[in-house]
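So that the names make sense, note that chain A is the first sequence line, chain B the second, and so on, each numbered from 1.
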Number of protein chains: 2
Amino acid sequence: MLSKACEYCIKAVVFLAQRSKEGKLSIVKEIAQAIDSPEAFTAKVLQQLVKGGFISSVKGVKGGFFIEEKTLQHLNLLQIVTAIDGRGLIDNCMLGLNQCSEVNPCPVHHLYKGIKADIVQLLNCSLVNDLTIEFSQKLSVLKN
Amino acid sequence: MLSKACEYCIKAVVFLAQRSKEGKLSIVKEIAQAIDSPEAFTAKVLQQLVKGGFISSVKGVKGGFFIEEKTLQHLNLLQIVTAIDGRGLIDNCMLGLNQCSEVNPCPVHHLYKGIKADIVQLLNCSLVNDLTIEFSQKLSVLKN
DNA sequence: CGCTTAAAGGACATACTTATCCTTATTAGA
DNA sequence: TCTAATAAGGATAAGTATGTCCTTTAAGCG
Ligand code: FES
Ligand code: FES
């Protein structure tokens, strides 16, 4: 469904959002511990998020990653997923046809299209800010 | 979502079911052409299906693959997917937590669990026999 | 300025998936 | 019995995702 890189990104962003609301920067080490991910690989995917403009970073002593308040307001999971994994989840046929289409559907197209729409809606309606609130209240976890 | 191996399996099975209902065996070459897949790799995944008891094969001249009428009656996509890709799609957390659970949910668990249930239902309720009927009527395609 | 910290970036390593090739076993039919 | 056809199986290759390591760049601080 999602790549490891994408999973780490989503979890990192939820964690970062919480920390940013507390006015704190977080270094890779803290993030990797918080989401139970390999540190070096996490650093890589965080770079991608910075390039995509989803998170911000500060180099050097007292540096780290954070999310701008303004960005956080409208940041949702669909943005992150498409930035990291591309549009495959949204566009691809479940059985790998070159084109997912209504006119030349694969055998599961009509059953799958509703599910695909639900997935896109889940991602699109999941505001990172909302997920962070739940996480802050310990109603969800980022590792186990 | 599904591995290439699994995609080929599903398409191969739908094609084979149709041919079997016509009383014909199909050789790998025919199957690979019908579903637009690499021949040698297709041969491999067909072996897995044979081992799993989902399809049958006959070696030698006039040999090939087919599906027993009896098997076809109750064969559904969930059986194929779990045999080839394992239970990941059914069991895994969307964000890769070790355990997808109600008591320690990840931030998207409550949104995702309904979708996961829909996916499992889609697979479980998709009888290969029914998919084949649609395919026979040219209401769906296996390649494009 | 020089030292330390931390992100950025590049190169490399590992694992898994996908794909190909060649050999072996089995069967039908001449 | 011999040959051709075909699945089965093993070895290998190619490609992609995942993960690690080391160097470079930037920033704070004494
Ligand atoms: S054509 Fe296969 S899912 Fe749409
Ligand atoms: S805990 Fe993540 S999907 Fe259930």
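Comparing B/K62 and A/L2 by the nucleotide of DNA chain D whose heavy atom lies nearest to each, the residue mapping closer to the 5' end is B/K62.
At a cut-off of 3.5 angstrom, the base of D/dG10 holds at least one donor-acceptor pair with the side chain of B/K44.
Taking every side-chain heavy atom of A/V50 into account, C/dA8 is the closest of D/dT6, D/dT18, C/dA8. For A/F41, taking side-chain heavy atoms from C-beta onward, the closest of the listed nucleotides C/dA28, D/dT18, C/dC21 is D/dT18. Distances from the side chain of B/K4 to the nucleotides C/dT18, C/dA25, D/dT18 place C/dT18 closest. Nearest nucleotide to the A/P38 side chain, out of D/dA27, C/dA7, D/dG19: D/dG19. In the set C/dT5, C/dG9, C/dA7, C/dG9 carries the atom at the smallest distance from any side-chain atom of A/Q47. Listed nucleotides: D/dT20, C/dA7, C/dA19. Nearest to the side chain of A/A40: D/dT20. Comparing atom distances between the B/F65 side chain and each of C/dT27, D/dA8, D/dG9 picks out D/dA8 as nearest.
Contact of the B/V81 side chain with the B/I10 side chain is registered, since non-hydrogen atoms from C-beta on lie closer than 4.5 Å.
B/T42 comes within 4.0 angstrom of no nucleic acid atom, judged by non-hydrogen atoms across all strands.
Listed for the B/E30 side chain is a donor-acceptor partner under 3.5 Å among the backbone atoms of B/I27. Remark: the backbone N or O of B/N98 is paired with a side-chain donor or acceptor of A/N144 at under 3.5 angstrom. When atom types are taken as modelled, the side chain of B/K29 and the backbone of B/E39 share no donor-acceptor pair closer than 3.5 angstrom.
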